[in-house]
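Data block below; observations after.
As a basis for the values below, the full set of heavy atoms in this structure was taken, side chains included, without hydrogen atoms, waters or symmetry mates. Counting begins at 1 with the first residue of the sequence.
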Amino acid sequence: MPEPFVRNIPTRWTDFDANRHANNAVYLTYLEHLRDSFFIQAGIRRDSTVLASANLTFITAIPLGVTEVRGSLTGIRVGRSSITTTEILAADGAPAMEATSVSVYVDEQGRPSPVPDHVRRQLDAYRIPVSTGEEHL
């Protein structure tokens, strides 16, 4: 069974707000970095997908002083034209957010199109059963 796809994502000083934690909007940037890294490693061109939806569950704040966030892509499901991923962000070994994201495969004009067979084969090498992923923090 494939292991989750994991990336350590550096934080920036500008990620943190006056409340001394990462701004909630920045979590989406961390997830984008994780998904883009995964798609690139799987051989999918960055301009081949667009984010259609993201369902986020904030668990705990990422406090000022954390220098990197660990992103784990813990599940993937391929539909007709969509690629659904489940992700976890963690800081200092503790889960900070769980997310489910749906990316849509698009053609050169940006219209939804079926995920090509060669992309499906590439993703099969990374197919991860959907799980909570907590064992990978």
Side-chain angles (χ1 to χ4, degrees):
M1 177 180 310
E3 289 294 314
F5 179 85
V6 176
R7 281 291 179 270
N8 291 324
I9 304 161
T11 62
R12 303 164 301 174
W13 180 81
T14 56
D15 293 350
F16 299 92
D17 59 24
N19 294 318
R20 303 180 56 81
H21 59 70
N23 185 285
N24 287 356
V26 174
Y27 287 66
L28 286 165
T29 303
Y30 298 150
L31 293 174
E32 179 181 37
H33 179 84
L34 177 64
R35 275 190 316 279
D36 283 353
S37 296
F38 171 73
F39 287 152
I40 289 167
Q41 183 166 317
I44 299 170
R45 289 189 356 247
R46 192 177 190 298
D47 63 349
S48 296
T49 63
V50 294
L51 182 64
S53 69
N55 182 7
L56 315 175
T57 302
F58 292 92
I59 299 169
T60 189
I62 298 172
L64 180 66
V66 168
T67 58
E68 71 180 11
V69 173
R70 183 177 176 92
S72 301
L73 195 144
T74 61
I76 182 166
R77 183 175 60 247
V78 181
R80 187 188 77 75
S81 62
S82 64
I83 303 168
T84 302
T85 53
T86 55
E87 302 116 358
I88 294 176
L89 296 177
D92 293 333
M97 168 190 271
E98 295 175 352
T100 300
S101 304
V102 178
S103 299
V104 174
Y105 200 85
V106 295
D107 63 17
E108 293 80 20
Q109 288 75 40
R111 294 183 307 250
S113 73
V115 177
D117 289 339
H118 75 280
V119 171
R120 288 178 184 280
R121 285 190 299 275
Q122 288 167 279
L123 291 173
D124 277 344
Y126 296 94
R127 188 87 40 134
I128 305 162
V130 175
S131 73
T132 65
E134 288 185 18
E135 61 276 13
H136 304 290
L137 294 178

### Query
Do Leu31 and Leu123 share a hydrophobic cluster (ILVMFWY, side-chain heavy atoms under 4.5 Å, transitive)?
yes
### Message
Would you say Val69 ends up clustered with Leu64 if hydrophobic residues are merged whenever their side chains have heavy atoms under 4.5 Å apart, either directly or through other cluster members?
### Response
yes
### Task
Just jot down the side-chain contact (heavy atoms from CB on, under 4.5 Å) partners of Glu68, sequence neighbours excluded, or say none.
Asn8
### Query
Are Val106 and Phe39 co-members of a hydrophobic cluster defined by side-chain heavy atoms under 4.5 Å apart?
no
### Task
Kindly indicate whether the side chain of Glu98, heavy atoms from C-beta on, has any atom under 4.5 Å from the side chain of Thr86.
no
### Query
If you take all heavy atoms of Ser72 and Val6, which pair is closest and at what distance?
OG-CG2, 3.8 Å
### Query
Rounded to the nearest 0.5 Å, how far apart are CZ of Arg7 and CG of Asp36?
11.5 Å
#### Entry: Pairs satisfying side chain to side chain donor-acceptor pair (under 3.5 Å), at least one member in residues 17-32, at least two apart
Asp15-Tyr30
Please tabulate, for the side chains in residues 47-58, all donor-acceptor contacts under 3.5 angstrom to protein atoms that are two or more places apart in sequence or on a different chain.
from, atom 1, to, atom 2, distance (Å)
Asp47, OD1, Arg45, NE, 2.9
Asp47, OD1, Arg45, NH2, 3.0
Asp47, OD2, Arg45, NH2, 3.3
Ser48, OG, Arg45, O, 3.4

### Task
Any pair with a residue in residues 79-97 that passes salt bridge (Lys or Arg N to Asp or Glu O under 4.0 Å), sequence neighbours left out, goes on the list, sorted by first then second residue, please.
Arg35-Glu87
### Task
Under the side chain to side chain donor-acceptor pair (under 3.5 Å) rule, collect the residues that match up with Gln122, sequence neighbours excluded.
none
### Query
Do you know which two heavy atoms are closest between Ile59 and Pro95, and how far apart they sit?
CG2-O, 3.6 Å
### Query
Which pairs count as ring pair (Phe, Tyr, Trp, His ring centres under 6.0 Å) when at least one residue sits in residues 78-111, sequence neighbours excluded?
none
Report all side-chain donor-acceptor pairs from residues 112-119 shorter than 3.5 Å, counting only partners two or more places apart or in another chain.
none

### Task
Look at the side chain of Ser82 and the backbone N and O of Val102, then say whether any donor-acceptor pair between them is shorter than 3.5 Å.
no
### Query
Looking at side-chain heavy atoms only, is the closest gap between Leu34 and Phe5 below 4.5 Å?
yes
### Message
Checking Thr60 now: which residues fulfil side-chain contact (heavy atoms from CB on, under 4.5 Å) with it, not counting sequence neighbours?
### Response
Ala96
### Query
Quick one: side chain to side chain donor-acceptor pair (under 3.5 Å) partners of Arg111, sequence neighbours excluded?
Asp107, Gln109
